[in-house]
Each structure stands twice: as structure tokens, then as C-alpha cells.
Protein chains: 2
Amino acid sequence: MQNSEAMALSAALLAVAGELTHRINEGVVARGFEGVRPAHGFAFARLAPGGATVTDLAAHLGVTKQAASQLVDEIVRKGYAERRPHPQDARARLVVLTEQGWACTRAAEEAAAEAVGAWVELLGEGEMSVLRDQLARIAPHGPLRPAW
Amino acid sequence: MQNSEAMALSAALLAVAGELTHRINEGVVARGFEGVRPAHGFAFARLAPGGATVTDLAAHLGVTKQAASQLVDEIVRKGYAERRPHPQDARARLVVLTEQGWACTRAAEEAAAEAVGAWVELLGEGEMSVLRDQLARIAPHGPLRPAW
DNA sequence: ACCGGTTGGTCAAGCAGATTGACTATAGGA
DNA sequence: TCCTATAGTCAATCTGCTTGACCAACCGGT
């Protein structure tokens with residue numbers, strides 16, 4: 001593959017990612033959740049299964065734990081999560097979603113389905129499942145990084 | 001498609017985009033271009049064809065023109081671009097890449113090819129061209145937005 | 001049991017990138 | 001010739017993140 005093709009592919013991918021993020025965020029806001037930023041969604045995704053510590057979250061988001069702690073402060077203040085004592089470790093605190101946090105997560109899923117649905121119109125169901133499979137195969141396992 | 005599938009697809013796409021951005025930037029830095037941020041690459045892409053005004057850049061990057069102007073200040077200071085009087089409009093200034101700017105752009109293309117090359121190992125040539133085609137079809141035409 | 005190093009979390013200060021607001025100079029149509 | 005829209009900059013401010021310092025709790029070896 002030529003370098004210029006790789007660049008065009010990269011640009012398309014990043015444009016799609018940026019647009020997707022924007023649409024999901026718009027959709028969440030449109031559903032009545034104000035003051036949420038895209039980064040919160042990634043935090044919610046990590047918190048959802050059963051809570052997480054600030055350090056877990058920091059590693060997941062690829063930021064310092066101070067930054068993660070500030071983000072938690074913010075979503076706690078806005079009512080999306082709460083800090084609880086950690087059952088096994090007295091130093092740690094388990095951050096878990098509140099009911100409002102779950103509602104916001106569901107709203108994000110709906111918004112994502114809406115945005116992705118637009119692609120189905122362009123690609124068709126068959127190619128969409130191919131795309132999903134391909135992305136799953138090349139997705140990294142490291143921390144989620146902001147695109148730029 | 002279920003909401004949870006859309007969310008998984010979105011997460012995979014954003015993870016891939018974040019990783020790609022990170023790798024391209026790493027590759028550019030490794031080739032000796034210091035003090036460059038991912039956002040600069042998107043600016044370079046817009047400047048490359050024949051220069052652009054600050055206002056063009058602002059629209060392309062989806063930021064205010066003050067922010068775009070500051071970014072131009074930075075890449076000018078670092079020697080990647082220069083401001084010239086605009087041939088048609090005395091108010092405007094045409095920002096064009098210097099030779100160093102072109103070199104950096106080529107380095108970014110190489111880094112992109114390297115990063116994308118890793119996917120070829122996972123998907124094979126055939127599926128890669130499918131992916132390229134699919135992304136090109138769903139890529140938006142609006143401004144490039146930071147992923148989060 | 002205790003001690004030393006590691007780990008989870010917060011406080012505080014500072015920085016970098018972006019925004020809003022105000023302003024000047026040129027463009028361009030009525 | 002106005003009058004408005006546009007290109008660009010200056011200045012102040014905000015926000016999210018980083019670095020650095022610190023305390024409390026865990027845990028392995030002795």
C-alpha cells in the first residue's frame with residue numbers, strides 16, 4: 001500500500017471517529033443529560049460492570065490518577081456516580097454508577113445505535129457486520145486515548 | 001442491530017482511532033520532528049495542497065479562528081510553515097508549508113503506512129481494501145473533530 | 001510483630017490549548 | 001460613498017490535565 005493511501009485511510013478513519021463521538025454526545029445531550037462530555041462516556045463504560053477504582057479508571061483512560069479523580073469529582077457532583085468504601089481495600093474507594101448514571105449510559109447506547117444506523121443505510125447489513133468484525137480484530141487492548 | 005452491539009462497534013472504532021493517532025504521532029517524533037502534536041498533522045493536511053487562510057483552517061479543524069491562529073503561530077515558530085500575504089485579499093494571509101513542513105508531512109505518511117501495515121497482517125490485503133472502501137463511504141464531509 | 005517498600009488517593013500549583021469579547025483593516029455590494 | 005460582512009489579531013479567562021508532595025493502608029520478608 002502506498003503511503004498516500006495509508007494517509008487517506010487514516011484520515012477517513014479519524015474523521016469517522018470524530019463524527020461518531022460528536023453524534024453520540026449530541027444524542028446524549030438531546031436526551032436531557034446536560035454537562036456531559038465524551039470522556040465521561042468512556043468512564044461510564046469502565047464503571048458499568050461493577051464499579052472501578054480511580055486508579056483503574058486512570059489506566060483505562062490513559063491519564064494520571066489525579067485527572068481521573070477530578071473527572072470522578074465531576075460526575076459525582078452531577079449525580080452520575082458515587083464513591084463507596086472498597087469492600088476489600090480500605091485505601092481504595094469504589095466508584096459506582098447511580099441510577100442516573102445508568103440512564104445516561106442507556107442514552108449513549110441509543111445515540112450510538114442511531115449514529116451507527118446511518119452507516120447501515122450506506123453500507124447495508126452485510127457489510128456492516130464485516131466492518132464490525134474487522135474493527136474488533138484490529139482494536140488494541142491498551143488504554144483508550146483521546147484522538148488528538 | 002442491538003444498542004449494545006452499536007456501542008461495542010463504537011468503542012472498537014474509537015479505540016482504533018486513538019491508537020492510530022498515537023502511533024502516527026510516535027512515528028513522526030521518532031523520525032526527528034519534535035514538538036509536533038497530532039492536531040498539527042491535520043493542519044498540515046489542509047495546508048498541503050497550496051496553503052490556506054487561518055479562517056479555512058479554523059473551519060477545517062472545527063475550532064475558533066483564534067485557536068487556529070495560535071496553532072499557526074506555533075508551527076510558524078517551529079519552522080513548519082510561514083505566513084505570506086494573500087494574492088487576492090489584502091486582509092487575509094496565506095499560510096503555506098515550508099520545506100520542513102513538507103518533510104514532516106512525508107514522515108507522517110510513512111508513520112501512517114507503518115501503523116496501517118500492522119492491520120494488513122491481521123486482516124490481509126483483500127479485507128484491507130474492503131475496509132478502506134467502507135470507511136471512505138461513511139466518512140463525513142464536515143470539520144475534523146477531536147475524538148474527545 | 002514489625003518494618004520498609006509499594007500502592008490508592010488527595011491536595012496544591014502550574015501549564016497548555018481553547019474560548020469569549022473587543023477591536024482594526026479590508027472587501028464588496030446597494 | 002456608505003454600510004455591512006469578513007480576515008485577522010490582542011487580551012483575558014476557563015477548563016482539563018500534568019507534575020510534585022504528601023498521607024494512609026496494604027503486604028512481603030524477617
Side-chain angles (χ1 to χ4, degrees), chain A residues 18 21-22 25 29 34-44 46-47 50-78 80-96 143-148, chain B residues 18 21-22 25 29 34-44 46-47 50-78 80-96 143-148:
Chain A
T21 303
H22 183 71
N25 200 55
V29 171
E34 291 181 25
V36 263
R37 288 178 293 122
H40 296 154
F42 294 96
F44 287 8
R46 182 67 187 78
L47 296 179
T53 65
V54 165
T55 301
D56 285 340
L57 213 47
H60 182 66
L61 298 176
V63 297
T64 60
K65 46 186 191 169
Q66 290 91 327
S69 186
Q70 286 177 17
L71 191 145
V72 169
D73 285 344
E74 191 183 343
I75 62 178
V76 165
R77 179 162 34 82
K78 290 175 179 168
Y80 295 109
E82 57 186 29
R83 295 184 210 251
R84 295 191 184 164
H86 194 288
Q88 273 88 39
D89 191 335
R91 294 170 303 176
R93 308 174 71 177
L94 198 59
V95 182
V96 297
L144 266 58
R145 307 169 189 281
W148 70 89
Chain B
T21 303
H22 182 70
N25 199 55
V29 171
E34 291 181 24
V36 264
R37 287 179 293 121
H40 297 153
F42 295 96
F44 288 7
R46 181 69 187 76
L47 296 179
T53 65
V54 164
T55 301
D56 286 340
L57 258 185
H60 182 66
L61 298 177
V63 297
T64 60
K65 46 186 192 169
Q66 290 91 327
S69 187
Q70 285 177 23
L71 191 145
V72 169
D73 285 344
E74 191 183 342
I75 61 179
V76 165
R77 178 162 35 82
K78 290 176 178 167
Y80 295 109
E82 56 187 30
R83 293 182 211 253
R84 295 190 184 165
H86 194 288
Q88 274 87 41
D89 190 336
R91 293 169 303 175
R93 311 175 71 178
L94 198 59
V95 182
V96 297
L144 266 57
R145 307 170 191 282
W148 70 88

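All chains are named by letter (A, B, ...) in the order of the sequence lines, taking the proteins before the strands, and each is independently numbered beginning at 1. What you see is a predicted model; the values in this text were computed from it and never measured.
Contact annotation: T64(B) does not reach the phosphate of dA18(C) (side-chain N/O to OP1 or OP2, under 4.0 Å).
For a distance-only test at 3.5 Å, the side chain of Q66(B) fails to qualify as a donor-acceptor partner of the base of dG17(C).
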Distances for protein N or O near nucleotides 5-7 of chain D N or O, under 3.5 Å:
| from | atom 1 | to | atom 2 | distance (Å) |
| --- | --- | --- | --- | --- |
| dT6(D) | O2 | R91(B) | NH1 | 2.5 |

Please tabulate, one pair per line, each protein N/O and nucleotide N/O from nucleotides 13-16 of chain D that are separated by under 3.5 Å, including the distance.
| from | atom 1 | to | atom 2 | distance (Å) |
| --- | --- | --- | --- | --- |
| dG16(D) | OP1 | R37(A) | NE | 3.0 |

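When rounded to the nearest whole Å, the span between CG of L57(A) and C1' of dC17(D) equals 14 Å. One can place NE2 of H86(A) at 13 Å from C1' of dA25(D), the figure rounded to the nearest angstrom. Across the protein-nucleic acid pair, L71(A) atom CG and dG9(C) atom C1' stand 15 Å apart, rounded to whole Å. Separating the CD atom of Q88(B) from the C1' atom of dG28(C) is a distance of 15 Å, rounded to the nearest angstrom.
Taking all atoms of both residues into account, the shortest heavy-atom contact from V54(B) to R83(B) is CG2-NH1, 4.0 Å.
Computed from C1' positions of five pairs at each end, the angle between the two local axes of the helix from dA1(C)-dT30(D) to dA30(C)-dT1(D) equals 30°, rounded to 10 degrees.
Among residues two or more places apart in sequence or in another chain, the side-chain contact (heavy atoms from CB on, under 4.5 Å) test is passed with D89(B) by H86(B), R91(B), A92(B). Partners of R46(A) by salt bridge (Lys or Arg N to Asp or Glu O under 4.0 Å), not counting sequence neighbours, listed by chain and number: D56(A). Listed by chain and number, the residues in a side-chain hydrogen bond (donor to acceptor under 3.5 Å, both in side chains) with N25(A) amount to none (sequence neighbours excluded).
In this structure, A67(A) reaches the bases: a heavy-atom distance under 4.0 Å links it to at least one base atom across the strands shown.
Considering I75(A), L94(A), V96(A) in turn, I75(A) is the only one that fulfils the side-chain contact (heavy atoms from CB on, under 4.5 Å) rule with L47(A).
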Derivation of the side-chain contact (heavy atoms from CB on, under 4.5 Å) call for L57(A) and V72(A): CA-CA 9 Å; L57(A) 213 47; V72(A) 169; 3.7 Å; yes
Report the C-alpha distance between K78(B) and V36(B) in whole Å, list the side-chain angles of each, state the deciding distance to 0.1 Å, and finish with yes or no for side-chain contact (heavy atoms from CB on, under 4.5 Å). CA-CA 9 Å; K78(B) 290 176 178 167; V36(B) 264; over 6 Å; no
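Contact annotation: the side chain of H40(A) approaches that of L71(A) to within less than 4.5 Å [non-hydrogen atoms, C-beta and beyond].
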Listed pairs under 3.5 Å, donor-acceptor, residues 59-70 of chain A side chains, sequence neighbours left out:
| from | atom 1 | to | atom 2 | distance (Å) |
| --- | --- | --- | --- | --- |
| T64(A) | OG1 | A67(A) | N | 3.2 |

